[in-house]
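One is the number of the first residue; the rest follow in order along the sequence. No experiment lies behind these values; they were computed from the predicted model shown. Values below: all heavy atoms of this structure, side chains included; hydrogens, waters and symmetry mates excluded. Whatever order the structure lists ligands and atoms in, that order sets their numbers, starting from 1.
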Amino acid sequence: MANILITFASMSGNTEEMADLLKADIEKHGHEVTFEELDELSAHDLVQYDGLLLGSYTWNDGDLPYEAEDIYEEIEDLDLTGIKVAVFGSGDTNYPLFCEAVHTFEKQLTSSGATLVQDGLKIEMAPTSDEDFEKISAFGDTFATFFNTVTYNSLGRRTKAQATV
Ligand SMILES: Cc1cc2nc3c(=O)[nH]c(=O)nc-3n(C[C@H](O)[C@H](O)[C@H](O)COP(=O)(O)O)c2cc1C
């Protein structure tokens, strides 16, 4: 079992809906989930967990939401070596930089040493179609099972295999 933090910024609820679905999925795999809005956290909270699923919508032509800016800047000073991360978010394909906040956070987290488990999950507005729900469920499954098959020590080196749930 791993301790996973799911944290998100969501103004109109779409990214939060993704976070809720991911929470149920990750818990189904037997992991312990802490669920917090991004602006309720300090960046140092991020290093307490084995894994981090971070969600953010995109704002203002490719920008991060205002409420995500502080933690984004604080991540720069953290050492996230050994922490497994994946990023998700909702956006709108009418904007040229669709779900750009997902890429922005991926770059910041990996430049602080985090291990990216999989490419970011981007959903158009609220999840509504079967395809959306399948994508979210597959994203959660990939993240959750990563902890069941390999573990890494604090230097990010592979150490042992565990039984799958
Ligand atoms: C002023 C404004 C700017 C936006 N800019 C972008 C953008 O650059 N890229 C994008 O993909 N979506 C953009 N969006 C769309 C939001 O990311 C989208 O509505 C998203 O579903 C909101 O997520 P939330 O419900 O979690 O707050 C913008 C929306 C508004 C109102």
Side-chain angles (χ1 to χ4, degrees), residues 2-29 31-76 78 80 83-112 114-147:
N3 286 312
I4 312 284
L5 173 66
I6 300 179
T7 184
F8 58 91
S10 182
M11 190 174 56
S12 52
N14 299 337
T15 309
E16 182 168 5
E17 229 177 285
M18 295 172 72
D20 279 332
L21 292 162
L22 287 168
K23 177 175 185 286
D25 201 61
I26 300 290
E27 285 176 340
K28 195 183 71 190
H29 285 267
H31 299 306
E32 180 81 29
V33 173
T34 302
F35 195 78
E36 280 284 356
E37 290 198 41
L38 206 48
D39 59 359
E40 297 289 321
L41 294 175
S42 99
H44 292 283
D45 295 329
L46 305 184
V47 299
Q48 316 292 325
Y49 298 89
D50 306 308
L52 166 66
L53 280 173
L54 189 152
S56 176
Y57 67 99
T58 301
W59 186 244
N60 216 8
D61 297 332
D63 282 353
L64 295 181
Y66 299 119
E67 63 271 31
E69 283 176 356
D70 284 352
I71 205 149
Y72 172 83
E73 281 166 22
E74 289 166 29
I75 287 170
E76 197 171 327
L78 292 180
L80 297 178
I83 299 180
K84 273 69 81 183
V85 300
V87 184
F88 61 95
S90 167
D92 180 343
T93 46
N94 287 311
Y95 289 88
L97 294 171
F98 175 59
C99 285
E100 187 65 14
V102 170
H103 296 298
T104 306
F105 266 115
E106 283 179 337
K107 279 187 233 145
Q108 187 76 330
L109 290 162
T110 52
S111 70
S112 288
T115 303
L116 197 64
V117 170
Q118 58 185 325
D119 287 341
L121 171 66
K122 303 170 189 171
I123 294 287
E124 170 85 1
M125 306 304 280
T128 47
S129 65
D130 285 350
E131 192 191 345
D132 290 341
F133 292 117
E134 278 161 21
K135 270 193 199 170
I136 293 168
S137 168
F139 185 80
D141 288 347
T142 299
F143 194 75
T145 53
F146 189 83
F147 293 90

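- Regarding atom 16 (C) of ligand 1, its nearest protein heavy-atom neighbour is Thr58 O, 3.5 Å.
- Here is the list of ligand 1 atoms found below 4.0 Å of a heavy atom in Asn60: 3 (C), 4 (C), 5 (N).
- A 4.5 Å side-chain heavy-atom check between Ile4 and Phe143 finds at least one atom pair inside the cut-off.
- Taking the side chain as every heavy atom from C-beta outward, Ile136 and Phe88 never approach each other to under 4.5 Å.
- Here's the thing with Ser10: one of its N/O atoms is less than 3.5 angstrom from an N/O atom of ligand 1.
- Interatomic distance, Ser10 OG to Glu67 CD, rounded to the nearest 0.5 Å: 8.5 Å.
- Scanning the protein for heavy atoms near atom 18 (C) of ligand 1, the closest one is Met125 SD, 3.9 Å.
- For the atom pair Glu17 CD and Ser12 OG, the distance stands at 10.0 Å (nearest 0.5 Å).
- Separating the CE atom in Met18 from the CD1 atom in Ile6 is a distance of 11.5 Å, to the nearest 0.5 Å.
- Note that CG of Leu109 and NZ of Lys84 are 14.0 Å apart. Values are rounded to the nearest 0.5 Å.
- Less than 4.0 angstrom separates some heavy atom of Gly13 from each of these atoms of ligand 1: 24 (P), 25 (O).
- Thr104 contributes atom OG1, which lies 9.0 Å from atom CD of Gln108 (distance to the nearest 0.5 angstrom).
- Summary of contacts: the protein heavy atom closest to atom 21 (O) of ligand 1 is Ser90 OG, 2.6 Å.
- For ligand 1, the polar-atom distance check finds no N/O of Tyr57 at less than 3.5 Å from any of the ligand's N/O atoms.
- The distance criterion of under 3.5 Å between nitrogen or oxygen atoms is met by Ser12 with respect to ligand 1.
- For the pair Tyr95 and ligand 1, the shortest N or O to N or O distance does not fall below 3.5 Å.
- Side chains of Glu100 and Thr58: no donor on one and acceptor on the other come within 3.5 Å.
- The pair Asp20-Lys23 does not count as a salt bridge, with every side-chain nitrogen at least 4.0 angstrom from each carboxylate oxygen.
- Using a 4.5 Å heavy-atom threshold, the side chains of Thr110 and Glu106 count as separate.
- Taking CD1 of Ile71 as the start and NE2 of His44 as the end, the distance is 9.5 Å to the nearest 0.5 Å.
- With ligand atoms numbered from 1 in the order given, ligand 1 contributes 10 (C), 11 (O) to contacts under 4.0 Å with heavy atoms of Cys99.
- Ranking the protein heavy atoms by distance from atom 12 (N) of ligand 1 puts Asp92 N, 3.2 Å first.
- For a threshold of 3.5 Å applied to N or O pairs, the pair formed by Ala9 and ligand 1 contains no separation below that value.
- Here is the list of ligand 1 atoms found below 4.0 Å of a heavy atom in Gly62: 7 (C), 8 (O).
- Of the protein's non-hydrogen atoms, the one nearest atom 31 (C) of ligand 1 is Trp59 CZ3, 3.3 Å.
- Taking only nitrogen or oxygen atoms, main chain and side chain alike, Leu97 reaches within less than 3.5 Å of ligand 1.
- Applying the 4.0 Å criterion to heavy atoms of Asp61 picks out, from ligand 1, the atoms 5 (N), 8 (O).
- Taking any N or O of Phe98, backbone or side chain, none lies under 3.5 Å from an N or O belonging to ligand 1.
- Near Met11, meaning under 4.0 Å from any of its heavy atoms, are these atoms of ligand 1: 24 (P), 26 (O), 27 (O).
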